[in-house]
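Here the structure is laid out as C-alpha cells; the discussion comes afterwards.
Along the sequence shown, residues are numbered consecutively beginning with 1.
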Amino acid sequence: MAQFFAVHKIAELAWARPYSWAHNNISDLGNALCALQPEPEPRYICSPQHALMNGSFVTLGVLLVLGVILTAGVLWRRNRTAATARVLLAGAGAGFALVGLAPADTNENQHVLGALLIMATGNIGLVLTGFGLSQRIPSALRWGSTALGATALAALGLFFSHQYAGLGMGGTERAAAFPLLLWTLIAGVRGLITGRTDRSQTTPTAHLGRAG
C-alpha cells in the first residue's frame with residue numbers, strides 16, 4: 001500500500017497545473033490523454049506519469065488479492081461471513097487492477113466497473129470483515145474495520161449524489177476509497193510486528209531444544 005501513496009505523490013507532482021485532492025479524482029492521475037474533462041466536475045487533466053500511476057493501481061490490486069489469500073489461516077475465522085468478506089475484498093483487488101488496465105479516458109465502462117468493485121464491493125467486504133476476523137485479532141481492529149467500511153459506504157453515497165459535504169469531489173471520493181487502503185496498511189503493519197514478535201519468542205525455545 002505504501003507504494004501506491006508514494007506513486008500517487010510522484011504522479012501528482014508531475015502535473016504542470018496543480019493537482020488537487022479536493023477537486024481531482026484519483027483516476028485523473030491515470031488518464032492517458034490531456035483534455036478538458038466536463039463530468040462530473042469540469043477540470044483539465046494532463047498526467048505525464050499516467051503509466052506509472054496505472055502500474056501502481058495494478059500492483060496494488062495484485063497485492064491485495066494475494067494478501068487476502070495468504071492470510072486465510074491467520075486473520076480469518078472459518079465461517080461463511082469470513083469467506084464472503086474475503087471474496088469481496090479480493091473483488092476490490094481485481095477492481096484496482098482493472099482501473100489500472102482501463103484508464104477512465106480510454107475505456108470508461110471497464111474503469112467504472114473497477115471503481116465500483118473497489119468502493120462498493122470492497123467496502124461491503126470491509127464491513128463484513130469486522131465479523132469475519134479471528135477472535136485472536138484485537139477488537140479495536142475488528143470493529144474498526146466495520147466502522148471504516150460503513151464510513152466509506154456513506155461517503156460513496158454522497159459521491160454518487162454529488163453531495164460533497166465540503167470535501168469537494170476528489171475529497172469525497174477519497175473518503176470512499178481510502179478507508180480500505182488504510183485498513184490494509186494497518187493489518188499489514190500489525191502482521192509484520194506480530195510475526196517478528198512470534199519469531200523472537202520461538203527462537204530461544206528452539207536453541208534450548210537443540211542444546212538439550
Are any of the side-chain heavy atoms of [X] and [Y] separated by less than 4.5 Å?
X: Phe57; Y: Ile118; value: no
X: Phe160; Y: Met119; value: no
X: Asn54; Y: Val58; value: no
X: Val68; Y: Arg86; value: yes

Next on the checklist: What verdict does the side-chain contact (heavy atoms from CB on, under 4.5 Å) test give for Leu133 and Trp76, after you've listed the backbone C-alpha separation in whole Å, the side-chain angles of each residue and the deciding distance to 0.1 Å?
Outcome noted: CA-CA 4 Å; Leu133 287 175; Trp76 303 92; 4.1 Å; yes
Next on the checklist: If you apply the rule side-chain contact (heavy atoms from CB on, under 4.5 Å), what do you find for Leu88 with Thr84, and how did you get there?
Outcome noted: CA-CA 6 Å; Leu88 293 175; Thr84 302; 4.1 Å; yes
Checklist entry - Step by step, would you call Trp15 with Ile45 a side-chain contact (heavy atoms from CB on, under 4.5 Å)? => result CA-CA 9 Å; Trp15 283 42; Ile45 300 172; 3.9 Å; yes
Please check if [X] and [Y] belong to a single hydrophobic cluster, counting links between Ile, Leu, Val, Met, Phe, Trp and Tyr side chain heavy atoms closer than 4.5 Å.
X: Val65; Y: Val99; value: no
X: Leu116; Y: Leu101; value: no
X: Leu182; Y: Leu75; value: yes
X: Trp21; Y: Val7; value: yes
X: Leu141; Y: Val74; value: no

Rounded to the nearest 0.5 Å, what's the gap from [atom1] on [X] to [atom2] on [Y]? Could you check?
X: Cys46; Y: Gln37; atom1: SG; atom2: CD; result: 13.5 Å
X: Leu60; Y: His8; atom1: CG; atom2: NE2; result: 11.5 Å
X: Leu29; Y: Lys9; atom1: CG; atom2: NZ; result: 11.0 Å
X: Leu70; Y: Leu63; atom1: CG; atom2: CG; result: 10.0 Å
X: Asn24; Y: Arg43; atom1: CG; atom2: CZ; result: 6.5 Å
X: His50; Y: Asn31; atom1: NE2; atom2: CG; result: 9.0 Å

Counting N and O atoms only, with roles assigned by atom type, does the side chain of [X] sit under 3.5 Å from a partner on the main chain of [Y], one being a donor and the other an acceptor?
X: Arg142; Y: Ile137; result: yes
X: Ser145; Y: Gly130; result: no
X: Arg174; Y: Gly170; result: yes
X: Ser161; Y: Leu158; result: yes
X: Asn123; Y: Leu126; result: no
X: Asp28; Y: Asn25; result: yes

Next on the checklist: Using 30° and 60° as the class boundaries, would you call the ring planes of Phe131 and Trp143 parallel, tilted or perpendicular?
Outcome noted: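 The rings of Phe131 and Trp143 stand perpendicular, inter-plane angle above 60°.
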Item to check | Candidates Leu148, Leu185, Leu89 - the one meeting side-chain contact (heavy atoms from CB on, under 4.5 Å) with Leu180 | outcome: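 For Leu180, the side-chain contact (heavy atoms from CB on, under 4.5 Å) check succeeds only for Leu89.
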Give me the atom names and distance for the closest heavy-atom approach of [X] to [Y].
X: Ala11; Y: Gln49; answer: CA-CB, 3.9 Å
X: Thr172; Y: Ala155; answer: CG2-O, 3.4 Å
X: Gly132; Y: Ala82; answer: O-CB, 3.4 Å
X: Ala32; Y: Pro103; answer: N-CB, 4.5 Å
X: Leu128; Y: Ala85; answer: CB-CB, 3.9 Å
X: Met169; Y: His23; answer: CE-O, 3.1 Å

Item to check | Sub-6.0 Å ring centroid separation between Phe178 and Trp183 | outcome: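 Ring-ring flag for Phe178/Trp183: false, centres at least 6.0 Å apart.
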Next on the checklist: With a 6.0 Å cut-off (strictly less than), is the heavy-atom count around CD of Glu108, excluding the residue itself, greater than 12?
Outcome noted: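 Counting other residues, nucleotides and ligands, CD of Glu108 stays at 12 neighbours or fewer.
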Item to check | side-chain contact (heavy atoms from CB on, under 4.5 Å) evaluation trace for Phe4 with Met53 | outcome: CA-CA 8 Å; Phe4 170 80; Met53 191 68 218; 3.3 Å; yes
